[in-house]
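Remarks on the structure that follows.
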Number of protein chains: 2
Amino acid sequence: MATTPFPLTDTLATAGETGTVAGVTPAFSPLYQQIKVLILQSLQAGEWKPGELIPSEMDLAARFRVSQGTVRKAIDELAAENLVVRRQGKGTFVATHAEHHVQYRFLRLMPDSGDANSEGPAERQIIDCKRLRAPADIARPLALRTGDAVLQLRRVLAFQGTPTILEDVWLPGGPFKGMTAERLATYRGPMYALFETEFGVRMVRAGEKIRAVAADAASAELLKVPVGEPLLSVERIAYTYNDLPMELRRGLYRTDTHHYKNELS
Amino acid sequence: MATTPFPLTDTLATAGETGTVAGVTPAFSPLYQQIKVLILQSLQAGEWKPGELIPSEMDLAARFRVSQGTVRKAIDELAAENLVVRRQGKGTFVATHAEHHVQYRFLRLMPDSGDANSEGPAERQIIDCKRLRAPADIARPLALRTGDAVLQLRRVLAFQGTPTILEDVWLPGGPFKGMTAERLATYRGPMYALFETEFGVRMVRAGEKIRAVAADAASAELLKVPVGEPLLSVERIAYTYNDLPMELRRGLYRTDTHHYKNELS
DNA sequence: TAGTGGTCTAGACCACAGG
DNA sequence: CTGTGGTCTAGACCACTAC
């Protein structure tokens, strides 16, 4: 199929001429990148839901009228970004936070001995959950305007009886309309899985800023440490598709029995 | 060239039969993985030095008697691991820490405003540099025996006049024979670049464990903070080829004007 | 103009999963 | 047995760099 030399050139964004006539940016992108964007749009539009099987490489190649190898390269990049998961013999699936193999995909806190799975699931306790108008320092990172409605959640995670993480979570009121403390408390599984299934919001990547701070009175009581105890302060902004921020999270981690693990390359 | 159907099968590790006769592990690896290992061995053996050009994909394909596409896939993975750098129109180069584009490839500490380049180079001050016999807690992470010779270095990094990082570095005595405080003090550029050029040791990846701790008297004085001030404790183990640990580094970071930045996906 | 990496195609075969 | 992703090949052409 597709005997034309440049199958998509007139269907998709052609991008500047070869000679870069006068364009500021070349604005050229290879075919497989354009295919990647198309698949991304289908993911974003919910054509295939988290956990579901997407069409085979051959089907997608036919749909976009390119060769299977070109689709393959597009999917390779999506898989590298953890947006889809390939399973040989089965197909390619939309990634999800609901796989119980890795319960907290973005949590880098590890017990000092053993791995994340060796200590069992965290005990979760919701301290507070309320709706409020976003102050400036909350609105900004969420790309909202000051005063917009946001949902604030405070909770404690304990491992083997020891409270270890105290975190505040802020969510934009719009996409998370209908969220309640009840729903959060009764849900088994990662918070991000609930976001997917109940609100159609998929967290795709995140950035964290880490600092060392001293425990204040409130934090100290909840984490059962002395006031002034050094704690790891972890501010996370999580993004959906299109780099849209969808969650702000400020966590305090005890690092007496756990540590934040990071791999560099 | 290479009209045989399985060019490398009898030259390289054939790996178990298709049926997985009785092997515990399949021990099968695709051709491009075997090529990758061969290129890796050449890198490790120093056939091409850091910063140098490696043979073209066509040359390597001829050398290993495989197609260009297979070599390409091997190099793709090496590039993804930051072991080599591809430059279109020029060739593929061995990665190095000496490129002044990124002065500290493994340092994740960023100024709160602006990027890493906006504050200029760090001012370095060597506090101490001595040879000693490794205690158990130093020998272990470096895969040495207790009592083996190691080199210990203590230094302070300051940004715009503010001392921000205090770190102790331990290096195995063998590979770093001849290292002196003088050499370290006079060298311009990243420490890892010196390791490459003077000792032929290339740091390829690293792992970090991060904690929050309180400044003790000695640290407080060197970093000019009050005793008890919360500091980020960053323990890094850096590895050469073959996952061989070659450096242990324990750093204390001030996080009042800087933060540790991490990207999750 | 020559050589390099980058893209795209088409077709073959292998490994794996499931009916 | 079929269909999926995974590997490998061969050849074409494009984009960039340097001489």
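Since this is a predicted model, take the numbers as computed values, not measurements. Chain identifiers are assigned alphabetically (A, B, ...) following the order of the sequence lines, protein sequences preceding nucleic acid strands; residue numbering begins at 1 within each chain.
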*Kindly say whether A:A193 contributes a backbone atom to a donor-acceptor pair with the side chain of A:T197 at under 3.5 angstrom?*
yes
*asked:* For A:S265, is there any backbone N or O sitting under 3.5 Å from a side-chain donor or acceptor partner on B:N82?
replied: yes
*Would you say the side chains of B:S42 and B:R63 form a donor-acceptor pair under 3.5 Å?*
yes
*Select from A:G69 and B:P55 the residue whose nearest nucleotide in DNA chain C is closer to the 5' end of that strand.*
B:P55
*Side-chain contact test, heavy atoms from C-beta onward, threshold under 4.5 Å: evaluate it for A:V201 versus A:E196 and give yes or no.*
no
*Taking the nucleotide of DNA chain C with the closest heavy atom to each, which residue, A:T70 or B:G89, is nearer the 5' end?*
B:G89
_Rounded distance in Å - NZ (A:K73) to P (C:dG5)_ = 14 Å
*Looking only at side-chain N and O atoms, does B:T92 come under 4.0 Å of OP1 or OP2 in C:dG5?*
yes
*Using atom CD1 of A:I54 as one end and atom C1' of D:dG3 as the other, report the distance to the nearest whole Å.*
15 Å
_Residue B:S56, side-chain heavy atoms: nucleotide from C:dT7, C:dG18, C:dG5 that is nearest_ = C:dG5
*Listed nucleotide nearest any side-chain atom of A:R72, set D:dG5, C:dA17, C:dT7*: D:dG5
*If you look at every strand shown and take non-hydrogen atoms under 4.0 Å, does B:Q88 touch a base, only sugar-phosphate, or nothing?*
base
*Round to a whole Å and report the spacing from CZ of B:R86 to C1' of C:dT7.*
12 Å
*Closest nucleotide of DNA chain D for B:V71 versus for A:I75: which of these residues is on the 5' side?*
A:I75
*Any idea which of C:dT4, C:dT7, D:dT17 is nearest the A:P30 side chain?*
C:dT7
*Between P of C:dC16 and CD of A:E57, the distance in whole Å*: 17 Å
*Measure from the side-chain N and O atoms of A:E123 to the backbone N and O of A:Q160, and report whether any donor-acceptor pair falls under 3.5 Å.*
yes
*asked:* Without decimals, in angstroms, what is the distance between A:M58 CE and D:dT2 C1'?
replied: 13 Å
*asked:* Any side-chain N or O of B:K90 below 4.0 angstrom from OP1/OP2 of D:dA18?
replied: yes
_Between D:dG3 (P) and A:L53 (CG): distance, integer Å_ = 14 Å
*For the pair made of CD1 in B:I35 and C1' in D:dT9, what is the distance, rounded to whole Å?*
13 Å
*Can you check the A:Y32 OH to C:dG5 P distance for me, whole Å?*
16 Å
